Amino acid sequence: MEEEEDATISRIIADLEETLANSSSNSNHNHHHQAAPISHSTLKDLQSLLDANDPDIVFRFFDNLSSKKNFSASSLIPPISSAMDSTTTNLSLSASKVYLSLLLSPNAPVFTLFTPVAFLSLLRSIRRSLKNPQQGSSGGSNLLVRCKKKGRARGKRNVERVSDEFNNDKSGFDAKMFFFVMKKLESVMGLIHLNRFPDSLKSLIQTVTEIPVLSLSLELGGGLGSYGNLINLCGRILSKLMRSEHGSVESTAAEVLKSLTPLILMGKCQARTFALGFLSNQMMSMAKESEEIKKAVVNLPKYLVNKAPEKAEPRGLAVEAIMEIVKAMEVEDQIGFSEYSVKMSRGKANLRLLAVDLMLTIMMSLRDPLGVNLCVEVENSWGFSCLEALIQRCSDSSAVIRARALSNLAQLVGFFSNDDRTRRVLKQVIGSEEGKMNGLLRKRCTDEKAAVRKAALLLITKVTSLLGGSIDKFILKTMGMSCSDPLVSIRKAAITALSEASRKFSDQSVTTEWLHSVPPLITDNESSLQEECENLFLELVLDRVSRAGSTNHPHHNSNVKARSILGDIELSFPEGVLGLLKEICNGEVSPWVKKICTSLGKKKRLKPKIAVALQDIIRSSESIWLSHTMPIEKWTAPPGAWFLLSEVSAYLPKAVEWEFLHHHWRLLDKYGAGVEFKSSFEPEDEHEDGIVSNSVSWAGDRVFLLQTISNVSVELPPEPAADLAHNLLNRVEGFDMHPTEVNAHVKALRTLCKRKATNPEEADMLVLKWIHQLLSKASQILEQYISKSSVANKDSNLFTPPPRSTRKGKKAAKSLSEAVTAVYTIGSLVIICPTVDMNSITSLLHTIITSGNSDPKLNKLPGPTVSLKQTAPSLYIQAWLTMGKLCLADDNLAKRYIPLFVQELQKSDSAALRNNLVVMMADFCVRYTALVDCYIPKITLCLRDPCELVRRQTFILLSRLLQRDYVKWRGVLFLRFLLSLVDDSEKIRHLADFLFGNILKAKAPLLAYNSFVEAIFVLNNCHTHTGHNDSKGSQTERQLFSIRGNDENSRSKRMHIYVSLLKQMAPEHLLATFAKLCAEILAAASDGMLNIEDVTGQSVLQDTFRILASKEIRISPSRGSSSDAAEIEEEGGGSAGGDSAAAKGRAITQAVRKGLIQNTIPIFIELKRLLESKNSPLIGSLMECLRILLKDYKNEIDEILIADKQLQKELIYDMQKYESTSTSAAGAGPSTATAATANAAAVARSLLKEVNRTPPLSSMSVPKLKTAQGGGSSRNDRPLHVLESLRSRKFFNSDDEKE
């Protein structure tokens, strides 16, 4: 055994001798000497000796090394270091293993063997083995090539031998050997003190902290367990390094934490978990025993704050990591960091954004932020400071920070609301500042940035749930408006906030706003919003009504006065239910309620209890009324109850009782049928008992009752159904019903006939039979009325004045009422049976609508000579409406009468008739698009109708036709729609803003750009431009759709329209519009194509100046840059979107500068000269516009006017002089005006000073110039040499050019 060991030692020494000799020979030929690596076989022999761990063997080895060959222990280090620097993984690790074994061998000369260079080679070997784990024999071949160039044959043979050993090693990364090296390294750290080698210590720390990252992608042979062992080993090494023998503990701990920072800020991975675990466990334990380590750990979160990335997702991970460290700290250190976060919230933008996230996490993660358990004042708690800072950031100048602060505050309010004690404290804190909070929410709900508005709505939801009480009316209105926001996310947030308010508050204002804002979303393009709308309607309306119907209603005292009956009825039901039902039947809400009920019914989501509850509510109301001994004929059901029952009964026919319907039909038919209906303008009669008799309510209830009966007719018994049908037919034949009841009776009658018949053919025959019967009677009534009117007109012409008779007047009124009802009934019959023969009816209606017509062709027709429009306006209007229904059923009839409809629409003085005609023309446009297309310009005249209802109806109908492509945006249609943006009606303006800002922006994005220049001429009614001579429409129509005038009101209206169009344009379209305005208006004016002496031409030019100077058309250099990119990121976009937006913004900025240089300034200069020659008042507007343009590009003025420095100074002088004049004219203070004047004078003096420095012409060796005619004799008061120099100033350079 001893002989084998001696043989091994001899081989090692021999190989070492050869290696060192080779290194020595190479050093003679290469000044940059690198020792030859020790061979792989020698490393194995040396490792076998060291593995024995026998002091005698180690002693013999070092003794033989020094005695036989006179080598010291340090001679081993260069070849081993060279091997550790090898690019071959196994050789490098083997050398590292041997080196560490040597250091750990018994009685080894540690201080001789350890050198910083060798130690750095060891660390490089460890890193290289992880970075290039599959490096095979290629490293050896490269080493062979490198070393062959260095020497002699002896050295060459040695290197070839080493290379052959490398080539025979085909293995990759050896995980077992790597673990062995790391364990040896841990042992060495207990033996060697690095306090004298700070660079080695720093490199070791960096290497150990890199190992968890570099080994993530390696196969360590043991899966996650092996990786866990490795990172635990790294943690132990780092722990040993933070001892006093390795130097300053504080410095070492700081270096360790600094090296771990990249791991902490990584994405979620095992390396990040290791770093956080090491900090939270080992370092925190050591910090309790060492103040130096504690100081470093406490400062780590502050260091991480400054290293945190700005992107949303990495920033969130950084906040999470920071909080994990903070949670492991002492309480006083946690409070200190919270105070540091509050200070951060007043720093730079990136720190403010991070502070907003940190303050939320701090308050949600740490214990008792508001001092509830400590019984301290809330204002003295550290959490109050964080809360106050978070509220302040809700008004930050950065939109991203505002949005983040609002959403975090909402999350914080929701978090604290879960605990009763913190809920009370938070309610006290926010409630005490309720006025400020409401003011904040008002501003943020109308913020220009969508993300801020969304976050504000989320905060409203949480604060509403927390505070209760009342809600601010402005905030309530803003939530309702946000339900129609163009962004889906904001609409979702708005309906959530508004629904939460509806749950918490029973105020009628909240209910009204909810019903007017949320149900319309049933037609939203986003399916998720439709579903949410249905769910909320079920919860907040139907379920609420269902609960109200199931409550036990108390008995009432019959001695109570009549005036308290209605209040008594309201007290019988839960608060707000009757108000909810009443608002449901509002004309603006009921269409959406119908759609929601239909959708829920088709999905089978309507429950029978809602129908039962509505019946109970109606019964209870009647019972309470009768319990007060009030007459039943004065009772009406709670408004909305019958309406909602009529909608849900279509899908719940079995839930409605026939006895209930039969009882109320008899009641309403008995007491309501004979009521004389009054005009809506006449006040209702109020009886002595305080109850208002409302005949229209009875009629409306009968309509909804009939609809309910139609819905449940399949469940009716045969005999009652037949009796009801007979009763309905008799009622219709009486022609004495309110028009609102006619349709319901006709539809119910048709439904009953279809239910009664055994097959569809029999049903059609039954329907046709009673339709012909009704048409015959209606025709007779009309003929009689027309003939009586003719006779009455002839008789009245014989008397002056005409005789008066009360009896005849009542009879005539009754006859007129029957005729109107008959005409309306005809229209209802046409709708349910379009194929019925209407020839006889058509002639009668023609007689009515053409009666008294001045056309001689129409006067030949039989009929009254006096227009029924004057004597019977209600019949006249109803006849047009019924004729429109006939035209919809008969295309041949439509071709004949559509021109007559258009003519009546233009000349009628009845707003009600014009409104009906617009509706009919819209229906004609859908049915007969080609026929009506040529009349669209005539229909658009109603956009300027004196009646607001007609204007609004026209706008809505035409907008729907345009969205459905029945009408195209061509011709004058778009230009005429523009005036709706400045309509006198606020409702129309709101609709127009929505149309142009949302619908058109998506459907026709180029429309505003293509029509912008033309809109300027049309709005000013200008026809003095040779290229924009609009001949479309008459002069009256052009004036009607213009806002001509230079008064402030007209200018502001036109400017509002321009701004609205500019806001819809993309940046590239704004640039193109800027160029078009300069080319088609300013250049045209300077070329004489636009008459600037005409009033309208001046208005066009002045509007152009105001547009070019407006902020909406200007594109700032920062547009689409980092701030917008950050907002895109917050909304979920990636970095690519932000980069593309920034690149687009830079390209647009460059294009703006180029266009300004090439086009704008020369045009302005030429136009300025023209205006000055004509002494035009527009010079002021031009100079104001030019001043604003150059102000935006003040840094580029030298570049813009580089060709003419003299002109540059003249323009600056003119601008500053104009500013001083404007300031004085505006009544500014004398000091301001004096300063501006002095500034302008200084520029003028510098200009003249430069001119005066110019040498006289007589001293120049250039051809003399001819004197201008009369130039010298007319200005004797000025020096001649100044005039001569001014004439030739273009030949001289400025001071800037004299280099």
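Numbers for residues simply follow the sequence, beginning at 1. Scope of the values below: all heavy atoms of this structure, side chains included, with no hydrogens, waters or symmetry mates. What you see is a predicted model; the values in this text were computed from it and never measured.
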Just do the side chain to side chain contact (heavy atoms under 4.5 Å, CB included) check on I771 and I832 with the steps written out, would you? CA-CA 10 Å; I771 284 179; I832 67 170; 4.0 Å; yes
From CA spacing to verdict: side chain to side chain contact (heavy atoms under 4.5 Å, CB included), I617, V545: CA-CA 9 Å; I617 290 173; V545 173; 3.9 Å; yes
So T842 and M883, side chain to side chain contact (heavy atoms under 4.5 Å, CB included) or not? Walk me through it. CA-CA 7 Å; T842 303; M883 181 62 81; 4.3 Å; yes
Quick one: do V488 and R491 satisfy side chain to side chain contact (heavy atoms under 4.5 Å, CB included)? Show the steps, please. CA-CA 5 Å; V488 175; R491 295 202 296 274; 3.3 Å; yes
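R731 has its side chain within reach of E741: a pair of non-hydrogen atoms, C-beta onward, lies under 4.5 Å apart. A 4.5 Å side-chain heavy-atom check between I831 and V746 finds every atom pair outside the cut-off. The shortest distance between side-chain heavy atoms of F660 and I618 falls below 4.5 Å. Contact annotation: the side chain of V823 never approaches that of Y785 to less than 4.5 Å [non-hydrogen atoms, C-beta and beyond]. Two residues are said to be in side-chain contact when any heavy atoms from C-beta on lie closer than 4.5 Å; K595 and P591 fail this criterion. Annotation: side chain of C483 is in contact with side chain of L498 (closest heavy-atom distance under 4.5 Å). Annotation: side chain of V648 is not in contact with side chain of V656 (no heavy-atom distance under 4.5 Å). At least one side-chain heavy atom of V541 sits less than 4.5 Å from a side-chain heavy atom of F537.
A donor-acceptor pair under 3.5 Å links the side-chain atoms of S482 to the main chain of T478, judged by distance alone. Without hydrogens or angle criteria, N730 side chain to H726 main chain gives a donor-acceptor distance under 3.5 Å. Not one N or O on the side chain of H662 forms a donor-acceptor pair closer than 3.5 Å with the backbone of W658. Remark: side-chain polar atoms of N711 are paired, donor with acceptor, to backbone N or O of Q707 under 3.5 angstrom. A donor-acceptor contact shorter than 3.5 Å is absent between the side chain of S776 and the backbone of H772. Under a 3.5 Å cut-off, the side chain of S646 and the backbone N or O of F643 do form a donor-acceptor pair. For T825 (side chain) and T821 (main-chain N/O), a donor-acceptor pair under 3.5 Å exists by modelled atom type. Listed for the D507 side chain is no donor-acceptor partner under 3.5 Å among the backbone atoms of S509. Judged purely by atom type and a 3.5 angstrom limit, Q615 uses its side chain to pair as donor or acceptor with the backbone of A655. A donor-acceptor contact shorter than 3.5 Å links the side chain of T708 to the backbone of F704.
Within the model, atoms CG of N916 and CD of Q953 stand 8.5 Å from one another, a figure rounded to the nearest 0.5 Å. The NE2 atom of H745 sits 10.5 Å away from atom CG of L729, with the distance rounded to the nearest 0.5 Å. Rounding to the nearest 0.5 angstrom, the gap separating the CG atom in L542 from the CD1 atom in I610 is 5.0 Å. If you take OG on S517 and CG on L476, they are separated by 8.0 Å, rounding to the nearest 0.5 Å. In this structure, the separation between CG on N743 and CG on L706 is 11.0 Å, given to the nearest 0.5 Å. With values rounded to the nearest 0.5 angstrom, T511 atom OG1 is found 13.0 Å from K582 atom NZ.
Heavy atoms only, all atoms of each residue included: S499 and W514 are closest at OG-NE1, 3.1 Å. What you find for A641 and L614 is that their closest heavy atoms are O-CD2, 4.1 Å. For the pair I495 and K492, the tightest heavy-atom approach, listed with the atom from each and the gap, is CG1-O, 3.2 Å. Of all non-hydrogen atoms in D701 and A637, the two that sit nearest each other are OD2-N, 3.9 Å. Among all heavy-atom pairs drawn from D837 and L775, the shortest one is O-CD1, 4.4 Å. When all heavy atoms of I460 and M479 are compared, the pair lying nearest together is CG2-SD, 3.4 Å.
Under 3.5 Å, the side chains of S599 and E534 contain a donor-acceptor pair of N or O atoms. No hydrogens or angles considered: nothing links the side chains of N915 and R952 as a donor-acceptor pair under 3.5 Å.
In this structure, R960 places its CZ atom where only 12 or fewer heavy-atom neighbours from other residues, nucleotides or ligands lie under 6.0 Å away. Counting non-hydrogen atoms of other residues, nucleotides and ligands closer than 6.0 Å to NE2 of H663 gives a total above 12. Sparse packing is recorded around CD of E531, with 12 or fewer heavy atoms of other residues, nucleotides or ligands lying under 6.0 Å away. Within a 6.0 Å sphere centred on NZ of K603, heavy atoms belonging to other residues, nucleotides or ligands number more than 12.
Between K777 and E733 there is a salt bridge, with a side-chain nitrogen of the basic residue lying less than 4.0 Å from a carboxylate oxygen of the acidic one. Comment: R619 does not engage E622 in a salt bridge, judged by the lack of any side-chain N to carboxylate O separation of less than 4.0 angstrom.
The aromatic rings of Y876 and W880 sit perpendicular, their planes meeting at an angle over 60°, well past the 30° parallel limit. Ring-plane geometry between W635 and H664 is classed as tilted, the angle between the planes lying from 30 to 60 degrees on a 0 to 90 degree scale.
Figure legend: cation-pi geometry between K885 and Y824, with NZ or CZ positioned under 6.0 Å from the six-membered ring centre and within 45° of its axis.
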